[in-house]
Every structure is written in structure tokens, then in C-alpha cells.
Amino acid sequence: MNQAALAGLDPCVHCGFCLQSCPTYLATADEADSPRGRIVLMRGMATGRVDRADSTLALHLDRCLGCRGCEPVCPSGVQYGPALEAARHELIDVRPIPRFVRAIHMVMAAPTLRGPLLGAAWLARPVAAAFAGRSPFRFALGMLASTAPMRPAPRGAPRNSARSLPSNGTAAVFRGCIMRGLFAHVHRATERVLDAHGIVPTAVPGQGCCGALHAHAGQHDDALRLARQNVKTFATLPVDSPIVVNAAGCGAMLKSYERLLAGDSLASQARALAARVRDVSEFVAMMGVRTGASLDIRVAYDPPCHLLHAQGIDQQPLTMLDAIDGLVRVQHDEADLCCGSAGSFTFSQPDISWAVLERKVTALRRIDPDVVATGNPGCIMQIGAGLKAAGVNLPVVHPIELLDASYRQAGFYGS
């Protein structure tokens, strides 16, 4: 097991502060499904006290969502996420990843496969909602239906047309894989909002999947290959051009390239790339959010784990939403806990995924918002499918879509 990653577990004193922040422990009440229980297993594997082929080891490590909700509450500063990835990499040859999950990862990494398949999924999206439900296949259809853009745009009081600000530089928008295929409307909204702040979006041909799905599953070599490709591609950008990301999981992964490629020939370039990555909420809040038209809407913001826990970004999305006149944020009790998506976890661990999601769906039904906003594609799909399976007609959108709707009604984009 990677010694640097293992060292991140050294501060753990098994105090138990992490227990109530672990969605899988709350779902199973099994100590082995808690962060400190899994740390015991990982340390045992590293020292040889636990055989890598032990099915119990793989069972409990694979049940982890990798949400990293345990890290911010840990008083000792344990770095759990990197150790989990390293441990899963150790298990890759003794516990095969489910074929369907491996197929998803393969498609996301290969543009020649990803384009046609996501294109076909995009065409099926209009009818998917009619068949959404609780069974694995119907839940997948609910996930697909949840990728649709927000329509109709929320109503509000438009202002006079506003001219765009003077140029404030350029920024590249990271395209990713699932975002490129099923959330192109979020990319367009992001570019319009950047333009409304005087930022010119810069095209970066050749970029691809960030490798997060692969890294979280232990497919270290695939993650490295994808990281190297992106590092080389974005090295062509001007040094002062930030990389804006509207998918929390991708942003966390890009920011971790420095760690992933440590010791690699591209290490210095990876460090430079990671330093330039900004979540879209982080970037817009830093620029100073322009006020557009008012939207009379109640929004439940649900922070993605890899934005809140992995990147430590909590206030910037709220700043962005609060800049919209008329928008009222309503809070629910499960906001800081994972939705159960965690990349391909929905398909590899469907029972625990549903148990985790059900808590969030119940909490959202209790406050009855007009819309749920969350900044990660997997979260949008997971929460959206969960609501549909529960018979709740509640749209789930990216926060940038709401700001974009405000700007559109304000006349920032012309006719």
C-alpha cells in the first residue's frame, strides 16, 4: 500500500467523532462501515495482519462512498480519501470491479465510445422520466431524466438590458465526460455567466475525462493516464488563465493531480494545473457576483461532498445564490451528508446507495422547496432519480443555471 497515503491515517486515535458524519455507518450501524473501522482494516492490510484476499476487507472498503465527510470533523486531521484510493488500488487484482461499473468507466474514458453512447442517451432523455422508478433499471432511467435542463426558466421581474462588463481576462471551462455528454446546457450557462462578468471563455481542445471515477475505484493506472492527458492539454493555456470547473467531483480530482502525479515527469505541470482550478461558484464569488433579475423561487441547496468536504468550498455557492433577488434558500437536515451517488456507487452498491439517498429524499420532501440545487452531475442525477422514484415532481439543477436564468431575464444576453 502506498506509504505516503498510509501515513495520512497515522493521526487517527479512533475517537469516534467521524461516526455521525459517515452515511454508511448511519445506514448499517456496523463499526466496520465507519471511517475508524475502515482505517483499522487498511492498517491491517498494510501490515499483513489482514489478508488482501479476505472478502470482509473488500466488502467494507467497497461500501465506502468516499465522500470524505469524516475529514472536516476529524480533530486529528486524518487524510482518509487518499488512503482509501490507495487501498482499493491494492485490491484491484483480488476483487474485480463489477463488469457493468468497469464498462461505465471505460466508456467515460474513451471519447470514441462516450460520444455515440451519451448521444443516444441524450435522445432517450425526453421519455425516460415516464419510466423512472425504484428498480435498478428504472432508477437509471430516472437518473437520465434528471439530466434535462431547467425548463421553464423561473419567472421574475426583468430589469433593463445591461451591457456586459469590460474584459476581465479569459478562463477555460473544463468539459469532462458526463458533463460534456449530458450537461452541455450547464457548460453553456457557465460560459454565459462568465461572459456577463467580462470573462472570455477559452476553448481547450483535447481535454478529456478527469479520471475521478477510476481513481476512486482503485484503477490507478487509468487515472494516471487521463491525468497526464489533461495536464499536457492544459499546459497550452496562458499561465494567467484559470480553469473553471462546474462539476465538484472533477474539480476535486483536478486539484489532486499534484498528489496523483508526484514523482512523475509531469509533476511540476500538474502542480501548476491544480493551482489554477476554480469551482465555478468559487470563481464567480471571487469576481463579485452581478445582480440580475429577481426570481421568486424557494431553493434547497445541497452541497456536493467533493465540493464541501474535499475542496472545502462552502460559502461561495451560497454567495452566488444569495445574489439573486427574490430567491429564498431553505435548509434541510441532511444537507451535509452524501446523497449516495459517489461516482458509480449507485450501481456497485445499490442497496446502501438507496439507504443513504432515502434519508435525503425524506428531508427534502419535508421542506417542500420549488427546486433543489447542487453542483455536481452525479448528485443531480442521484437526487433527481430518488425524488422521481418517490413520486415527487421536484427539479434538481446546477446553481449556475439559476444565476443564468436571472441574467437572461435581466437582459444581459440580449434578445
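Note: hydrogens, waters and symmetry copies are ignored here, and every other heavy atom, side chains too, is used.
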Sub-4.5 Å side-chain heavy-atom contact between [X] and [Y]:
{"X": "E334", "Y": "V361", "result": "no"}
{"X": "R366", "Y": "D333", "result": "yes"}
{"X": "H220", "Y": "E85", "result": "no"}

Assess whether side chain to side chain contact (heavy atoms under 4.5 Å, CB included) is satisfied between L237 and T202, documenting all intermediate values.
CA-CA 9 Å; L237 273 180; T202 303; 4.1 Å; yes
Around atom CG of D93, are there more than 12 heavy atoms of other residues, nucleotides or ligands at under 6.0 Å?
yes
With a sphere of 6.0 Å drawn around CD of E31, does it hold more than 12 non-hydrogen atoms of other residues, nucleotides or ligands?
yes
Report yes if the distance between the aromatic ring centroids of H89 and H216 is under 6.0 Å, otherwise no.
no
For L273 and V231, which heavy atoms make the closest approach, and how far apart are they?
CD1-CA, 3.9 Å
Taking every non-hydrogen atom, the tightest pair across A46 and L6
CB-CD2, 3.5 Å
Go through R38 and D33 one step at a time and tell me if the side chain to side chain contact (heavy atoms under 4.5 Å, CB included) criterion holds.
CA-CA 7 Å; R38 292 184 176 112; D33 285 330; 3.4 Å; yes
Show which side-chain atoms of residues 139-150 pair as donor or acceptor with protein atoms under 3.5 Å away, not counting sequence neighbours.
unit_1	atom_1	unit_2	atom_2	d
S146	OG	G142	O	2.8
S146	OG	A385	N	3.3
S146	OG	K388	NZ	3.4
T147	OG1	R125	NH1	3.1
T147	OG1	L144	O	2.7

From CA spacing to verdict: ring-ring contact (aromatic ring centres under 6.0 Å, His included), Y407, H197:
CA-CA 11 Å; Y407 286 1; H197 287 83; 5.8 Å; yes
Ignoring hydrogens and geometry beyond distance, is a side-chain donor-acceptor pair present between [X] and [Y] at under 3.5 Å?
{"X": "Q409", "Y": "S294", "answer": "no"}
{"X": "Q311", "Y": "H306", "answer": "no"}
{"X": "T374", "Y": "H398", "answer": "no"}

Side-chain donor-acceptor contacts of residues 129-138 below 3.5 Å, not counting sequence neighbours, with atom names and distances?
unit_1	atom_1	unit_2	atom_2	d
S135	OG	R138	N	3.3
R138	NE	F131	O	2.9
R138	NH2	A132	O	3.1

For residues 171-187, tabulate all N or O donor-acceptor pairs below 3.5 Å that involve a side-chain atom, not counting sequence neighbours.
unit_1	atom_1	unit_2	atom_2	d
R175	NH2	E191	OE2	2.3
R180	NE	G176	O	3.4
R180	NH2	Q207	O	3.3
H187	ND1	N246	ND2	3.1
H187	NE2	R175	O	3.0

Using side-chain hydrogen bond (donor to acceptor under 3.5 Å, both in side chains) as the criterion, point out the one residue from R225, H214, H105 that pairs with Q219.
H105
Straight-line distance of F345 CZ to L65 CG, nearest 0.5 Å:
4.0 Å
